[in-house]
Asks: 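Sending over a structure as structure tokens; questions will come in a sec.
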Amino acid sequence: MLHSTVALSLLLIAVSSNLAMAIKKEKRAPQTLSRGWGDEITWVQTYEEGLYQAKKSNKPLMVIHHLEDCQYCQALKKAFAENEEIQEMAQNNFIMLNLMHETTDKNLSPDGQYVPRIMFVDPSLTVRADITGRYSNRLYTYEPQDMTFLIENMKKALRLIQTEL
């Protein structure tokens with residue numbers, strides 16, 4: 001009798017332990033390619049995939065360079081993710097890529113490999129050096145208070161496709 005009670009107790013402990021671990025796993029948010037920049041946006045995995053999709057869809061590629069442990073990147077990410085107009089345009093009109101590492105394309109770092117930086121590549125696979133941020137020392141940097149300026153640059157990237165390509 002004692003043996004069966006101990007066995008039953010151990011079984012109950014094992015089942016409840018497994019159940020607790022399953023509940024804990026369910027509560028974790030799934031990891032997506034958005035990395036917090038916008039979960040409703042479709043993100044490409046690599047720069048090469050982004051170039052292919054831009055050419056195929058005739059949409060500009062928007063490349064966001066950032067690092068997880070960078071306070072400036074985190075602040076920009078928060079402003080970017082909370083801005084409904086940016087999220088809507090990114091979701092519908094752009095091929096989107098966020099990178100936490102440098103690419104082999106040196107055209108994506110014409111003035112250095114700093115973060116955060118946002119660059120645009122048109123469907124002809126040309127990095128748009130004429131679409132820059134407001135700062136002369138880091139041409140492709142945007143700060144949280146620059147979301148209106150970023151929106152204007154996104155619209156400019158869309159206009160250039162219609163007039164130049």
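Side chains included, hydrogens not; waters and symmetry mates left out as well; all remaining heavy atoms used.
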Asks: Which label fits Trp37 and Phe80: parallel for a plane angle under 30°, tilted from 30 to 60°, or perpendicular past 60°?
Replies: perpendicular
Asks: Kindly say whether Tyr140 contributes a backbone atom to a donor-acceptor pair with the side chain of Tyr114 at under 3.5 angstrom?
Replies: yes
Asks: List in chain and number order the residues that pass side chain to side chain contact (heavy atoms under 4.5 Å, CB included) with Ala75, two or more places apart in sequence or in another chain; answer none if no residue qualifies.
Replies: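 Result, side chain to side chain contact (heavy atoms under 4.5 Å, CB included) vs Ala75: Pro144.
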Asks: With salt bridge (Lys or Arg N to Asp or Glu O under 4.0 Å) as the test, would you mind laying out the steps for Arg138 and Glu143 before giving the verdict?
Replies: CA-CA 11 Å; Arg138 292 179 178 223; Glu143 294 183 354; over 6 Å; no
Asks: Give the minimum heavy-atom separation between Met119 and Leu108, together with the two atoms involved.
Replies: SD-O, 3.0 Å
Asks: Can you give me the closest heavy-atom contact between Lys156 and Asp130, atom names plus distance?
Replies: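 Scanning both residues completely, I find the closest heavy atoms to be NZ-O, 2.9 Å.
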Asks: Give a yes or no answer on whether the side chain of Thr126 reaches the backbone of Asp122 with a donor-acceptor pair at less than 3.5 Å.
Replies: no
Asks: Distance check, rounded to the nearest 0.5 Å: Glu48 atom CD versus Thr104 atom OG1?
Replies: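 One finds 6.0 Å between CD of Glu48 and OG1 of Thr104.
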Asks: So Ile95 and Ser57, do their side chains get closer than 4.5 Å, heavy atoms only?
Replies: yes
Asks: To the nearest 0.5 angstrom, please state how far the CD atom of Glu68 sits from the CZ atom of Arg35.
Replies: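 So the gap between those two atoms works out to 7.5 Å.
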Asks: Between Asn98 and Ser34 (side chain of the first, backbone of the second, donor and acceptor by atom type, cut-off under 3.5 Å), is there such a pair?
Replies: yes
Asks: List the residues meeting side chain to side chain donor-acceptor pair (under 3.5 Å) with Glu49, not counting sequence neighbours, and say none if there are none.
Replies: none
Asks: Where do Phe94 and Lys59 come nearest, in terms of heavy atoms and distance?
Replies: N-CD, 4.2 Å
Asks: Does atom CD of Glu40 have more than 12 heavy-atom neighbours, drawn from other residues, nucleotides or ligands, at distances under 6.0 Å?
Replies: no
Asks: Could you check Leu150 against Met62 for side-chain contact (heavy atoms from CB on, under 4.5 Å), going step by step and ending with a plain yes or no?
Replies: CA-CA 11 Å; Leu150 178 58; Met62 183 178 194; 3.8 Å; yes
Asks: Looking only at heavy atoms, what is the nearest atom pair of His101 and His65, with distance?
Replies: O-ND1, 4.2 Å
Asks: Go through the steps for Tyr47 and Leu97 under the test side-chain contact (heavy atoms from CB on, under 4.5 Å), then give the verdict.
Replies: CA-CA 7 Å; Tyr47 181 57; Leu97 172 65; 4.0 Å; yes
Asks: Check whether Gln91 reaches the backbone of Thr42 with its side chain - one donor and one acceptor, N or O, closer than 3.5 Å.
Replies: no
Asks: Using every non-hydrogen atom in the two residues, find where Ala54 and Leu61 come nearest and quote the distance to one decimal.
Replies: CB-CB, 4.1 Å
Asks: Compare every heavy atom of Asp111 with every heavy atom of Asn137, then report the nearest pair and how far apart it is.
Replies: O-OD2, 4.4 Å
